Amino acid sequence: MNQDILPRLAEILETRKLAAPDSSYVAKLFHKGEDAILKKIGEEATEVILASKEGDAQHLVYEVADLWFHSMVLLAHHGLSAAEVLQELARREGVSGIAEKAGRATA
């Protein structure tokens, strides 16, 4: 069940892109545009930091879920999906972080 949550969520986000802004929170966020989505990601990233500093594991999980969700909204806004992020992570698997970052600098 958990293993297919990202594709199911991506499908839902796609339907919300075309929905009326007053029909759902996500439809309203899409309607407001990229700046509103980016603002929400910034807020959620800050909440992740604060939850981590609090040391409450459950609160941290909750806030990271919010950050991932809003990151998926941004991806959908750009016609991208979590699957593409997962592919990129798979590409990087086994590659040193130092080497991967150096490769980006020359690309």
Side-chain angles (χ1 to χ4, degrees):
M1 180 166 174
N2 288 341
Q3 63 197 16
D4 63 345
I5 187 65
L6 295 179
R8 286 187 291 128
L9 186 52
E11 286 179 30
I12 292 168
L13 292 176
E14 284 303 313
T15 65
R16 298 297 195 270
K17 284 169 75 172
L18 303 174
D22 60 350
S23 66
S24 76
Y25 165 77
V26 172
K28 184 181 294 185
L29 200 52
F30 279 129
H31 181 74
K32 288 181 177 180
E34 184 176 37
D35 285 347
I37 298 167
L38 293 172
K39 180 180 177 188
K40 193 61 184 172
I41 289 174
E43 292 170 6
E44 297 303 342
T46 299
E47 290 173 6
V48 166
I49 292 166
L50 294 174
S52 179
K53 297 298 278 182
E54 288 174 3
D56 180 340
Q58 188 56 45
H59 187 206
L60 179 58
V61 167
Y62 178 89
E63 295 300 345
V64 169
D66 279 351
L67 179 58
W68 286 13
F69 175 81
H70 287 91
S71 295
M72 288 185 68
V73 171
L74 180 64
L75 288 169
H77 173 76
H78 286 284
L80 301 168
S81 70
E84 290 164 277
V85 175
L86 294 173
Q87 287 172 343
E88 176 61 16
L89 290 172
R91 184 191 68 78
R92 294 180 188 186
E93 186 176 15
V95 176
S96 157
I98 294 170
E100 195 281 327
K101 188 170 183 177
R104 282 187 277 156
T106 61

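Bear in mind the structure is a predicted one, so any value in this text is a computation, not a measurement. Along the sequence shown, residues are numbered consecutively beginning with 1.
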**Asked** Sequence neighbours excluded, which residues qualify as side-chain contact (heavy atoms from CB on, under 4.5 Å) partners of K39?
**Response** E43
**Residue pair S23 / A27: nearest heavy atoms and the distance that separates them** = OG-CB, 3.8 Å
**Asked** Listed by chain and number, what are the salt bridge (Lys or Arg N to Asp or Glu O under 4.0 Å) partners of E63, not counting sequence neighbours?
**Response** none
**Message:** Taking the side chain as everything from C-beta on, heavy atoms only, tell me whether L86 gets closer than 4.5 Å to L6.
**Reply:** yes
**Prompt:** Could you walk me through whether E11 and R8 pass the salt bridge (charged side-chain N to carboxylate O under 4.0 Å, His left out) check?
**Reply:** CA-CA 5 Å; E11 286 179 30; R8 286 187 291 128; over 6 Å; no
**Message:** Counting C-beta onward and ignoring hydrogens, is there a side-chain heavy-atom pair between V48 and W68 closer than 4.5 Å?
**Reply:** no
**Asked** Restricting to pairs with a member in residues 34-67, which pass ring-ring contact (aromatic ring centres under 6.0 Å, His included), not counting sequence neighbours?
**Response** none
**Message:** Before you tell me yes or no, could you show the steps for Q87 and E84 under side-chain contact (heavy atoms from CB on, under 4.5 Å), namely the whole-Å CA-CA distance, both residues' side-chain angles and the distance that decides it to 0.1 Å?
**Reply:** CA-CA 5 Å; Q87 287 172 343; E84 290 164 277; 4.2 Å; yes
**Asked** Which pairs, with at least one residue in residues 9-29 and sequence neighbours excluded, count as a ring-ring contact (aromatic ring centres under 6.0 Å, His included)?
**Response** Y25-H70
**Request:** Inspect the surroundings of NZ in K32 and state if more than 12 heavy atoms from other residues, nucleotides or ligands are less than 6.0 Å away.
**Result:** no
**Asked** Atom CD1 of I12 and atom NZ of K17: how far apart are they, to the nearest 0.5 Å?
**Response** 14.5 Å
**Request:** Taking all non-hydrogen atoms of both residues into account, name the closest pair between V26 and F69 and its distance.
**Result:** CG2-CZ, 3.4 Å
List, one per line, each side-chain donor-acceptor pair under 3.5 Å for residues 71-80, sequence neighbours excluded.
residue, atom, partner, partner atom, Å
S71, OG, L67, O, 2.9
H78, NE2, E34, OE2, 2.8

**Prompt:** Looking at residues at least two apart in the chain, or sitting in another chain, which of them share a side-chain contact (heavy atoms from CB on, under 4.5 Å) with S52?
**Reply:** L60
